[in-house]
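Okay, so here's the structure we're looking at.
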There are 2 protein chains.
Amino acid sequence: MNERDVPGAAKAKDHRARVTQILIEKAFTQLLRAKPIHRISVKELCEAAGINRGTFYAHYADLYDLLAKMEARLMADLQRALEPLLAEDAQEPTLLALTSVIFRCLKENEDICAITLGPHGDREFTARLLDMARERCLAVYARRFDATPRQLSYYYAFVSSGCIGLLEKWAQEDMATGAEEIAAIASGIMVYGIEFLKAPDLRE
Amino acid sequence: MNERDVPGAAKAKDHRARVTQILIEKAFTQLLRAKPIHRISVKELCEAAGINRGTFYAHYADLYDLLAKMEARLMADLQRALEPLLAEDAQEPTLLALTSVIFRCLKENEDICAITLGPHGDREFTARLLDMARERCLAVYARRFDATPRQLSYYYAFVSSGCIGLLEKWAQEDMATGAEEIAAIASGIMVYGIEFLKAPDLRE
DNA sequence: TAGAAAATCAACAGCATGTTCATTTTCGAT
DNA sequence: ATCGAAAATGAACATGCTGTTGATTTTCTA
C-alpha cells in the first residue's frame, strides 16, 4: 500500500522531481527579486536553476503557470489554516484571532509572499487572497453591526486591502517582527482607526 | 514665437502623432480589459489600433514603456492636484480634503485607473502612487499625534493601501458614485475605524 | 537487479521582436 | 498653393525565445 495517500497533499513525487522543483522555484524567486516576471525568460531561468529547458516544460506550461502553482500552494495553506475559524458551526472569531492566523501562515510562506506582495507581484493574486475570506467576514460584520451592505462592502474593501499594505511593509522588513504583533497592529487600526496612534499599550 | 511653451505641458506634438497616440492607447486599454499585459503582443496591439508596427516602435520601446508613460501622465496629474495642499507653507489639510482631491483627480483619469488598479495592473505603480504623499502625510500625523515613527509608518502603510482597495472597488463600479462620497468613506474609516459602521450620517 | 520514471541533449519549425530603408502621406509654415 | 519637414507605411531582415519531439542517459523504486 502507499505509505502516504493524503488526498490534499497530492501525489508522492519522485525524489528527482522534487529536487528540480525546488531548484526551479529557488532560481525563480531569486530572479524575481531582481526584475519583474516579464523580463525573465524560460531559458534564463533554466540556466540559473541548472536544469534542462525541456525539464521545465515537463512541469510547467510557462513562467506564469509556475507562479500560479506556487501561489496555489500558499492559498491552500491559508485555507487550511483559516478553516477552523471560519467554519459554520465555529464560534465567531475576533478580528485579532483572524489576523493572527493569517499573518502567522503568511510568515511560514515568507519566500512566496516576498514575491507576490512585492512590487513585481500580481494584483490578481492578492485579489483572490482577499476573496477567500470575504463572504464569511462580511457575514460576521453584518451580524455585529447593523450597517448597510454597501457600507460593509466598502469597509471590507478598505480594511482587507489595508492588511495587504501592512503585509507588504512587513515583507519588506523580512518579517522580522512577530506575526502576532503585526496582527495586533492590523486589528488595532481596523477597530480604533486613527485612535490607534494614541493607544499607549502599543507604544514601544 | 511659439504659441504655447508651457514647460510642464511638454512639446506641442504633430497632429498625426497625437492621433496615433490616442489610437494606440485606446486599443491598449481595451485589450488590457480582456487579458493581462503579458498575453498581449505588439503585433496584436497594432492590428487592433489599425496602425503600422513600425509606428509603434517610433513612439515606445515596448508595451511596458507605453504603460509607464500612461502612468506617468496620471502621476503628474495627481502631483499637480496635490501640490497646493501639500505645500510647505500651506495650511494643514484635513484627511477629508486630501482624499477628496485625490479621488477627484483619479476619477478624471478613470480609464487609466481602471487598468492600473484592476487585477491586471502592476503593484509597482500603486506603490509609487503611495510614495508620493508619504513623507508629507507622515509629517502631518507626527505633528498631531505623539506616536512612534514605527507606529506612524504602519498606520500609513495600512491606511494608504486601504485607500487603494477602496479605489479598486470604486473603479470596478465604474466610479459611479461621486468622488466626494468615496473620499468621505475613506476618511471615515481612517478616523473612526470600525465605528464607521455605526456612523448614522453615512447610512443611505 | 530490472523496469519505470525523470532528466538530458539536440534539433526543429514557428513566431514575435526590434531594426532598417525606401516610399508615401500628411502637416505646418511661408 | 507650395515646399520642406515630419510622420506613417510597407517590406524585408536577422535574431532570439518558444514549445515540442525523439533518442539517449541517468536515477529512483520496488
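The sequence lines fix the lettering, A, B, ..., with proteins before strands; numbering per chain opens at 1. Note: hydrogens, waters and symmetry copies are ignored here, and every other heavy atom, side chains too, is used.
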Using whole Å, report how far CZ of F56(A) lies from C1' of dC17(D).
13 Å
Any donor-acceptor pair, under 3.5 Å, between the side chain of R53(B) and the base of dG10(D), if you only look at N and O atoms?
no
Before accepting this row, confirm whether a basic side-chain N of the pair E124(B)/R123(A) lies closer than 4.0 Å to the acidic partner's carboxylate O.
no
From NE2 of H59(A) over to C1' of dA5(C), roughly how many Å is that when rounded to an integer?
11 Å
Quick one: on DNA chain D, does G54(B) or R16(B) contact a more 5' nucleotide (nearest heavy atom)?
R16(B)
Given atom CZ of R18(B) and atom P of dT26(C), what is their separation to the nearest angstrom?
17 Å
For Y57(A) and dT20(D), is the shortest distance between a side-chain N/O and OP1 or OP2 below 4.0 Å?
no
Using atom NZ of K43(B) as one end and atom C1' of dG10(D) as the other, report the distance to the nearest whole Å.
14 Å
Mind telling me whether Y141(B) and Y155(B) have parallel, tilted or perpendicular rings, with 30° and 60° as the class edges?
perpendicular
Rounded off to whole Å, could you give me the CG-to-P distance for the L45(B) and dA16(C) pair?
14 Å
What is the distance from CD1 of I24(A) to C1' of dA7(C), rounded to the nearest Å?
11 Å
If only atom types and distance count, is the side chain of S160(B) paired as donor or acceptor with the main-chain N or O of L130(B) below 3.5 Å?
no
Nearest-angstrom distance from the residue atom CG of D62(A) to C1' of dG19(D):
10 Å
Counting any heavy atom closer than 4.0 Å, what does S41(A) reach on the DNA or RNA strands: base, sugar-phosphate only, or nothing?
sugar-phosphate
Rounded to the nearest angstrom, tell me the gap between atom CG in D14(B) and atom C1' in dA7(D).
6 Å
Nearest heavy-atom approach of L98(A) to L82(A) is CD2-CD1, 4.3 Å
